Structures are given as C-alpha cells and as structure tokens.
Amino acid sequence: MRKPLVAGNWKMNGSRTSIQALIEGIISGATDLEGADIVVCPPFVFLSEVVQALAHSRIAVGAQNVAIPEQGAFTGEVSASMLKDVGCEYVIIGHSERRALYGESDEIIAEKFASALALGLTPILCVGESLEEREAGTTENVVERQLASIIQYNGIAAFSNAVIAYEPVWAIGTGKTATPHQAQEVHAFIRQLLNIQNASIAAKIRILYGGSMKSANATELLAQGDIDGGLIGGASLSRDDFIAICSAATKV
Ligand code: PGA
C-alpha cells in the first residue's frame, strides 16, 4: 500500500505574516489526517521559519528548486546541503515553470535530481506534456523522454527515494483539470515504464497528480488506482482547500 502524499507548492507567493497564518491553519487542520503524508514547499527565504513553525507537527517541508553544485561562486543559487541544513526533506525538481521560464533542460533536471539525492533530500520530480504535445498525441513520448533522462543519469535505483508528479502543463494554474481517466492513463503509463526496469520500485513509488487539483475534484482524482496524492499550487494557499484535499487523500 502506498501512503498518499499531498504537497503544497506555494510558488512565489506569501509574506511572513500570511505564511504564519497559513501554517497555523494547516497544523490545526492536519491533526487527524495521519493517513496522508503532508509537505509544504515555501519560497527559499521562508524555509527556515516554516521548518521551525512545523517542528512539532508531522508536516514536512520541501524547497521548490535546488542548485546543481554544492557550494561556491554561484550567485543567487541555493544548494542541496543548505536545504538539508535548514531542515528540508523534499525538493521539487523539474517543475514545468522551471523548464519553460528558466530554461531547465532534461539534462539539468537530471543533475539537480542527483544533487538532491546525494544530500538525502527526496526529489519530487515533475513531468508532463504541453497542450500542443497532448493534441499531437505525444504525451507518452514526452513523459517517457523526461523520465528516461533521469534514469540514464541516475539509474533506476534512484527512484527508490523519490516521488513523481505528473503535471500536464495545460492544467497548471488554468483551472482546467485533467479528467480522472486522462490522469490515470498517464500515471499507469509512468508506473509501467518503471516496472519494466524494476518492479518493486514501480510498485512502491508515489505518483502525484498536479494541475488545478482542488477540494472539488480531489476525491475523484485520488480514487484512481495509480494516483497516490497531489502536488497542489493555487489551492495550497488556502488553508481550507489544502486541508480538504489532504482529508480526501486519507479517505481513498
Ligand atoms: P496548480 O499548480 O494547482 O495551481 O494548477 C500545480 C503546480 O504547479 O504544481
């Protein structure tokens, strides 16, 4: 049995004040939600205080990005060892916004994945197709290419301590959610790809869905056999929505 995981990707949102209120709300809302693992991913500058605020809770903290090198003259970058030092356990790697807006290639993402793993951080690897790619019928090719580059660089064993998030780019922040059937199809495909190389990793790995998941559609998505949780953007900024999704995850 895979324990569901719900991760909130706060992106570049919030202030010290708003985040404090959000955290307090999530802590109180999550007390009876032991059936799901919960992670929040604040912007870098708030990581330390969020880790401290969550110290006595069961909610883990992740970062939204990581540098490839471990230290040195890399102005503006934050390394895996720094994330580890402040108490992060997870890091989102290869989010479509990083791929599209910051030029992160499959190769860069594979190296970031390696840097995270080397320091004991659990990567949440995002994969997913654009609208053009879906319409051209190449969804599976895109997802396969994105996964293959990670496997080639890191080996299949690297997935024994990783999470995958399938996030169709056309569903992110658009209010258009993949139907449970569309999402399940790709999730099953991803698991099948991993299964070819290692059945036990494929059976154990958590594959999250991301892309306009909210309280209103979470139950149906999470009920699919290969959907093991969610990577939540917009709805993770609302305490009530985020808790409702976490609660839905504990019931499937
Ligand atoms: P969304 O974002 O829930 O706002 O669509 C998901 C994500 O980008 O991880």
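One-based numbering, in listed order, for ligands and for the atoms of each. Note that the structure is predicted; figures quoted are calculated from it, not measured.
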For residues 214-221, tabulate all N or O donor-acceptor pairs below 3.5 Å that involve a side-chain atom, not counting sequence neighbours.
unit_1: Ser215; atom_1: OG; unit_2: Asp241; atom_2: OD1; d: 3.1
unit_1: Asn217; atom_1: OD1; unit_2: Lys214; atom_2: N; d: 2.8
unit_1: Asn217; atom_1: ND2; unit_2: Thr177; atom_2: OG1; d: 3.0
unit_1: Asn217; atom_1: ND2; unit_2: Ser212; atom_2: O; d: 3.0

**Request:** State plainly whether one hydrophobic cluster holds both Ile124 and Ile232, where clusters connect Ile, Leu, Val, Met, Phe, Trp and Tyr through side-chain heavy atoms under 4.5 angstrom apart.
**Result:** no
**Prompt:** Mind checking what residues have non-hydrogen atoms under 4.0 angstrom from ligand 1?
**Reply:** Asn9, Lys11, His95, Glu167, Ala171, Ile172, Gly173, Gly211, Ser212, Leu231, Ile232, Gly233, Gly234
Pairs under 3.5 angstrom only: tabulate donor-acceptor contacts from the side chains of residues 137-145 to other protein residues two or more places apart or in another chain.
unit_1: Thr138; atom_1: OG1; unit_2: Glu133; atom_2: O; d: 2.9
unit_1: Arg145; atom_1: NE; unit_2: Asp106; atom_2: OD2; d: 2.7
unit_1: Arg145; atom_1: NH2; unit_2: Asp106; atom_2: OD2; d: 3.3

**Request:** Assess the side chains of Glu132 and Trp170: does a donor N or O sit below 3.5 Å from an acceptor N or O?
**Result:** no
Which pairs would a plain distance check flag for residues 81-90, meaning a side-chain donor or acceptor within less than 3.5 Å of a matching protein atom at least two apart in sequence or in another chain?
unit_1: Ser81; atom_1: OG; unit_2: Ser79; atom_2: OG; d: 3.1
unit_1: Lys84; atom_1: NZ; unit_2: Gly120; atom_2: O; d: 3.4

**Request:** Quickly, which of Lys204, Arg206, Arg191 forms a salt bridge (Lys or Arg N to Asp or Glu O under 4.0 Å) with Asp228? Name it, please.
**Result:** Arg191
